[in-house]
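Encoded as structure tokens, the structure appears first; notes follow it.
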Protein chains: 2
Amino acid sequence: MASIKDVAAEAGVSVATVSRVLNGHPSVSAAARARVLGAVEALGYRPNAVARSLRTDQTRTLGLVISDVLNPYFTELARSVEEEARALGYSVIIGNADERPDLQDHHVTTLLDRRIDGLLVSPTDGGSPRMLEAARAGTPMVFVDRWIPGVDVPVVRSDGRAAVRDLVAHLHGLGHRRLAIIAGPAATTTGRERVDAFREALGAHGLPLPDAYIGQGDFQADSGRRVTEGFLDLPEPPEVVFAADNLMALGALDAVRARGLRVPRDIALAAFDDIRWFVHTDPPVTAIAQPTGELGRAAVRALVDRIEGRGGASVTLPARLVVRRSCGEPPASSPQSPFPSPSPVRRSTT
Amino acid sequence: MASIKDVAAEAGVSVATVSRVLNGHPSVSAAARARVLGAVEALGYRPNAVARSLRTDQTRTLGLVISDVLNPYFTELARSVEEEARALGYSVIIGNADERPDLQDHHVTTLLDRRIDGLLVSPTDGGSPRMLEAARAGTPMVFVDRWIPGVDVPVVRSDGRAAVRDLVAHLHGLGHRRLAIIAGPAATTTGRERVDAFREALGAHGLPLPDAYIGQGDFQADSGRRVTEGFLDLPEPPEVVFAADNLMALGALDAVRARGLRVPRDIALAAFDDIRWFVHTDPPVTAIAQPTGELGRAAVRALVDRIEGRGGASVTLPARLVVRRSCGEPPASSPQSPFPSPSPVRRSTT
DNA sequence: CTGAAAGCGCTTACAG
DNA sequence: CTGAAAGCGCTTACAG
């Protein structure tokens, strides 16, 4: 592969001059510029990004460590991250943690070894020593979706509390009183918060959240299936299951179907995170939708601000409830939302 | 960040010795090794991968350019690729082309500039000059899922011909005679092949595939919706729509639902590529399943074989039909597959 | 077993 | 406007 030396030789100038025209430095004569450009063209020369990075100490690359690529929520997040990064002149390298702290740590280490300019992470746990150390050492970093309390890093996420309140009001209005949740790992903020928000919302209606109705999942489908089976085996099974993410909702559907039961007749289902397939499932699933694309873009902007020394602040965006049919038929009489709500609620038209 | 010089100073040895212990070179005294390791630990030293790559001319990194991250098929492929690569000591950088040749070219260029050791690509088109040039210049490369005819690069893919034959036999057995297809882009091999296989299978049953029953899609959901609307507007709409990938099937479901029609009562639906949600859609969707994980792993093995000078050959794996209910109820009388088939056919139990 | 030195492909003060 | 030179952080013959 042609190097800058080859170009210099071909153009009859020094490598310094070649470098200057390549980097748009103003002080190069038109003649020299033309000869260099000609040589670049003739040789099909492309600068070696590795050498450039070593010299300039910047890679123009962002690292993104997501919890699970197989989760459509994160996949959409990753897409918007890459898009915004590209618009700002950065590449992104994605590491998939598969919800495993050890894999997360592997990717954080690899990314740091490659000297990425900044790190975007949705932590699966409280953070490995390596990650915490990087944050402390000042590596530009921002948390997205999930975060680690006590670490001084901006957080870009959505707040689902109001939407969870709307969901519980919706369920209560439908006559449901025994509500259960498939929780995410307690080691994650979203794992804890969604349970807290759910419990708080139940409390507002005078409803309890007994321990038996809190199933411990790990944000992946199998755990949703397993927890749902447990719920169904209870002497008094819940009337509604709220899955804290879309994959656990998938697992719940698997479990319900495997028993020959029907949603919502035998048990109602709702999920955190909305995905396109929820419109076409049997029945369509009521879900809480996050502004995923906006989250990804905001996270990149915050990170690039950090990298380029412009601060970079936390951002919190609201989530919203999308009512479909998996919790029972809403009263047909009411064209309006059947419960008072301070936050935007959309009744799906599909 | 500590460099190798700092470690050498801390350990009281030369950088050459530090490098040797870091790389497991045998000729280092036990004492020197211990001091170096101690210094590494004390300083929290991590080798700079950028510098190492520049010096050794290898990055231990694979590039993967996929057609669309939002497509679960590619997402699963990417996951298995990363997994196998990691097992072999490589990282992978994913580029998402979003089915756009210009974006694909952007990622190929970026990846090549970063001097990845090898490139895995599922081309969205006939290949940009840059990609073709890289292949000709001997950059280790393998095509996965889709490929470019005439380019001397191994191809790892699955052959859906037999499964498409099984599908058509299934549809024919159910009494369907007017079968339509939502095709992928003609610029892609899978786009062309699935239509060819479908036409050929129809021919074997004496059925035509009129032009009006070939809708041009682009493997993304919106095109599936649009094409399906066109089919439904036909004076004589088809009885079955076969979507050449899962996203176009999603779009087809959108279109059918928007008209207040039902699958399979009003129109039957089948898809290429099986995804977990197809079990829970209304109705469950009959699909052709690829051995996606195995494809990803085989592709990585082939690529690493190329990189490490061990050849690296093409691999073709069979796809298989998974019958569900979206094409009509199969005759309940037959516990066996209702059609003769040389390839493995699984009747889904879900 | 060990170190001094060259060199990977760039960029960038510095001097002219 | 231009070039010679230093240097980014490593690895690896070469000599001892």
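Just so we're on the same page: letters track the sequence lines, and every chain starts at 1. Predicted model, so just to flag it, every value in this text is computed and none were measured.
Rounded to an integer number of Å, the gap from CZ of Arg46(A) to C1' of dG9(C) is 15 Å. Gln58(A) places its CD atom 16 Å from the P atom of dC10(C), with the value rounded to the nearest Å. One interatomic measurement links the two molecules: CZ of Arg60(A) to P of dT11(C), which rounds to 14 Å at whole-angstrom precision. Remark: P of dC1(C) and CZ of Arg33(B) are 9 Å apart, rounded to the nearest angstrom. We find that CG of Asp57(B) is positioned 14 Å from P of dT11(D), with the value rounded to whole Å. Remark: P of dC10(C) and CZ of Arg52(B) are 21 Å apart, rounded to the nearest angstrom. Between Leu22(B) atom CG and dC10(D) atom C1' there is a gap of 10 Å when expressed in whole angstrom units. Separating the CG atom of Leu54(A) from the P atom of dG9(C) is a distance of 12 Å, rounded to the nearest angstrom.
Other residues, nucleotides and ligands contribute more than 12 heavy atoms inside 6.0 Å of the CG atom of Asp102(B).
Within the 4.0 angstrom heavy-atom criterion, only backbone atoms of the sugar-phosphate kind lie near Ser3(B); the bases stay farther away. Nucleic acid contact class of Asn48(A) (heavy atoms, under 4.0 Å, all strands): sugar-phosphate only. Here Ser19(B) lies in heavy-atom contact (under 4.0 Å) with a base. When heavy atoms are screened at a 4.0 angstrom cut-off, Ser27(A) is found touching base atoms of the nucleic acid.
Residue order along DNA chain C, read from the 5' end via each residue's closest nucleotide, puts Val50(A) first among Ala16(A) and Val50(A). Each of Val15(B) and Thr56(B) was matched to the nucleotide of DNA chain C holding its nearest heavy atom; the match closer to the 5' end belongs to Val15(B).
For Ser29(A), the listed nucleotide lying nearest its side chain is dC1(D); candidates were dA4(C), dC1(D), dC8(D). Closest contact between the side chain of Asn23(A) and the listed nucleotides dT11(C), dT12(C), dC10(D) involves dT11(C). For Val28(A), whose side chain is taken as the heavy atoms from C-beta onward, the closest listed nucleotide among dT2(D), dT12(D), dT12(C) is dT2(D). For Arg55(A), counting side-chain heavy atoms from C-beta on, the closest listed nucleotide (dT12(D), dT2(D), dG7(D)) is dG7(D). Checking dG9(D), dT2(C), dT12(C) against every side-chain atom of Ala51(B), the shortest atom distance belongs to dG9(D).
Using a 4.0 Å cut-off between charged nitrogen and carboxylate oxygen, Arg79(A) and Glu84(A) do not count as a salt-bridge pair. A salt bridge does not link Arg157(B) to Asp145(B): none of the charged side-chain nitrogens sits closer than 4.0 Å to a carboxylate oxygen.
Residue Tyr45(A) places at least one side-chain N or O closer than 4.0 Å to OP1 or OP2 of dC10(C). The side chain of Lys5(B) contributes an N or O atom lying less than 4.0 Å from OP1 or OP2 of dC8(D). Thr17(A) has a side-chain polar atom (N or O) that falls below the 4.0 Å cut-off from OP1 or OP2 of dG3(D).
In this structure, dA15(C) forms a base pair with dT2(D), meeting either the Watson-Crick or the G-U wobble geometry with both donor-acceptor distances under 3.5 Å.
Side-chain atoms of Thr124(B) and Arg100(B), non-hydrogen and from C-beta on, never get closer than 4.5 Å to each other.
Applying the 3.5 Å distance criterion, the base of dG3(D) shares a donor-acceptor pair with the side chain of Arg20(A).
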task = Assess whether side chain to side chain contact (heavy atoms under 4.5 Å, CB included) is satisfied between Arg20(B) and Thr17(B), documenting all intermediate values.
result = CA-CA 5 Å; Arg20(B) 287 193 189 95; Thr17(B) 296; 4.0 Å; yes
- Passes side chain to side chain contact (heavy atoms under 4.5 Å, CB included), Arg115(A) versus Asn48(B)? Steps please. CA-CA 7 Å; Arg115(A) 301 302 191 261; Asn48(B) 181 327; 3.6 Å; yes
